[in-house]
Amino acid sequence: MNEQPKLRWGILGAARVNERLLPAIVEAENSELVAIASRRPGAAAETLKKYAPQQRNDVKIYDTLEALLSAPDIQAVYLPMANDEHAEWAVRAIEHGKHVLCEKPMALTVADVEAIEAAARRQNVTVMEGFMYRFHPQHERVRQLIRSGLIGEVRTVRATFSFMMRPARRYRLAQNVEHGGGAMWDIGCYAIHSARMFFDEPPIAVTAMAKYVESGADISNSGIIDFGDGRYAHFDFSFERARRSEYEVIGTTGGLKCHTVWQLPGDVPVLSWWTESGQQCEERLPAANHFRLEIEHFSDCVLSGKAPALSFDDAKANCATIVAALQSAEQGRRIEVG
Ligand SMILES: NC(=O)c1ccc[n+]([C@@H]2O[C@H](COP(=O)([O-])OP(=O)(O)OC[C@H]3O[C@@H](n4cnc5c(N)ncnc54)[C@H](OP(=O)(O)O)[C@@H]3O)[C@@H](O)[C@H]2O)c1
């Protein structure tokens, strides 16, 4: 019997988000976790013990990130480092010939995304920004409903992501926005990414406002993206509001809402819609693990030579929109998306 080919993964850093991604790599049918590295003594072994104790004897532990990148038995790396380390370490990994699944945001400037893209082309490796939520089947269902003409032509999107930040997570506000700290790079990038999904053209301009904490990180942020011809996306995200994780798409003849976009384990996927002709529906979808689906997609792309669902053009467009929104909030005026 032929065994399914598996992509051999290494994890670059003992980050907290491994709570979700490490089990996803272990569980994915077409993937194998080979190693994990951390710059802090004991942290990689601790992470493995915590999130995949059954793998303790099978997964190698490296004390340096370079050692993992030099390991010839690793084909792909998952890069969950701090936001301002992504660009440097993605390029380093690529130069070692590794395929890279890079946590969002891929980089903090469009120039850095371009540098990663250039390196990936030189080395002929696959690189994707880790917007895991997009691999949940509910978004394909939404797009199918919109393609069917249910709500007419899309005119407005509203994407909202918020929760009350626990004190243990305040480290996400320790850096200023230039160094990747704050709500925009952490959760706002999702809201903007999801809003962009519903417009074919790139954004023209952004108007935003933000509240900052002492470090220079934004803690609440709200704004409007102009897609031209009176089509707008409203984003609203915050670490100091009740939990919301949703988008709403308003067309010329109706509206549609995705109720739990950035899902936590146990969240039930619910879509609802209404039309001017009197339809009012709610649909519950089967639960799905978008982390595992993301890993399986990436492994499949590498193993079969397919382009990943999330492209460099998408990463550049998202980064350009974020940068414009941050500038707008800082300068208090509308900023064209460059
Ligand atoms: N897709 C998602 O659902 C999701 C969720 C959360 C975050 N993220 C993204 O994932 C990335 C990591 O986020 P995170 O919150 O998991 O970061 P984090 O725990 O702060 O880890 C980031 C890096 O800092 C080091 N580190 C971890 N704990 C540390 C500690 N106590 N003291 C000093 N250094 C420490 C680790 O490197 P070493 O082990 O080498 O020291 C790690 O690679 C970010 O890009 C974030 O945007 C994605």
Side-chain angles (χ1 to χ4, degrees), residues 10-25 35-51 59 61-69 77-90 92-93 100-108 112-113 116 127-136 161 163 165-175 177 179-194 215 217-218 237 239 243 245 260-265 267 288-295 297-298 310 315 318-319 322:
I11 299 180
L12 217 49
R16 287 172 181 84
V17 65
N18 281 315
E19 178 180 3
R20 308 270 178 247
L21 269 295
L22 195 153
I25 297 173
I36 173 166
S38 171
R39 294 162 288 192
R40 286 165 298 132
E46 190 55 36
T47 296
L48 188 63
K49 194 171 130 198
K50 213 162 155 188
Y51 303 130
V59 175
I61 301 294
Y62 288 105
D63 293 337
T64 68
L65 306 181
E66 288 82 1
L68 186 149
L69 291 182
V77 297
Y78 167 57
L79 198 160
M81 298 172 72
N83 292 341
D84 59 348
E85 295 184 302
H86 290 182
E88 178 192 340
W89 283 92
R92 283 201 203 191
V100 180
L101 174 62
C102 181
E103 261 308 337
K104 40 53 68 174
M106 184 179 282
L108 303 181
D112 277 349
V113 178
I116 298 170
V127 176
M128 189 177 85
E129 187 172 28
F131 279 115
M132 79 304 171
Y133 81 97
R134 274 295 266 278
F135 297 90
H136 196 294
F161 194 178
F163 49 87
M165 180 176 262
R166 282 182 282 150
R169 296 285 181 266
R170 292 288 294 189
Y171 69 91
R172 291 150 93 171
L173 296 171
Q175 303 268 25
V177 293
H179 288 94
M184 174 62 89
W185 293 115
D186 199 340
I187 57 175
C189 59
Y190 287 118
I192 288 176
H193 196 254
S194 65
S215 64
D218 59 325
F237 49 88
F239 291 138
R243 182 163 179 244
S245 170
T260 49
V261 181
W262 302 287
Q263 298 222 331
L264 294 176
D267 277 349
N289 179 343
H290 48 198
F291 297 104
R292 177 178 167 168
L293 292 169
E294 173 189 44
I295 295 295
H297 171 78
F298 189 86
L310 301 175
N318 216 56
C319 188
I322 290 171

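These figures come from a predicted structure and were not determined experimentally. Just follow the structure's listing: the first ligand is 1, and inside any ligand the first atom is 1.
- Electrostatic pairing of Arg40 and Asp63 does not count as a salt bridge here, judged by no charged N lying under 4.0 Å from a carboxylate O.
- In this structure, atom 10 (O) of ligand 1 lies nearest to the protein heavy atom Glu103 CG, 3.2 Å.
- Annotation: atom 37 (O) of ligand 1 to nearest protein heavy atom, Arg39 NH2, 3.2 Å.
- Within ligand 1, the atoms closer than 4.0 Å to a non-hydrogen atom of His86 are 45 (O), numbered from 1 in the order shown.
- Scanning the protein for heavy atoms near atom 25 (C) of ligand 1, the closest one is Arg40 NH2, 3.9 Å.
- Looking only at heavy atoms of the protein, atom 4 (C) of ligand 1 is closest to Val17 CG2, 3.3 Å.
- When the heavy-atom distances from atom 23 (C) of ligand 1 to Ala82, Gly130, Ala37, Pro41 are ranked, the shortest goes to Ala82.
- Under the 4.0 angstrom criterion for non-hydrogen atoms, Tyr78 is not in contact with ligand 1.
- Here the heavy atom of the protein found nearest to atom 44 (C) of ligand 1 is Asn83 OD1, 3.3 Å.
- For the residue pair Tyr133 / Glu294, no side-chain donor-acceptor distance below 3.5 Å is found, with atom types taken as modelled.
- Screening Asn318, Val113, Asn83, Asp186 for a side-chain contact (heavy atoms from CB on, under 4.5 Å) involving Pro105 leaves a single residue, Asn83.
- Checked for salt-bridge contact, Glu46 and Lys50 miss the test: no charged N lies under 4.0 Å from a carboxylate O.
- Closest to atom 2 (C) of ligand 1 by heavy atom, among Trp89, Tyr190, Tyr133, Phe131, is Tyr190.
- Look at Pro80 and you'll find a heavy atom under 4.0 Å from some atom of ligand 1.
- The pair Glu85-Arg39 meets the salt-bridge criterion, with a side-chain N (NZ, NE, NH1 or NH2) lying under 4.0 Å from an Asp/Glu carboxylate O.
- At a heavy-atom cutoff of 4.0 Å, ligand 1 is contacted by no atom of Trp262, backbone or side chain.
- Ring-plane geometry between Phe135 and His297 is classed as tilted, the angle between the planes lying from 30 to 60 degrees on a 0 to 90 degree scale.
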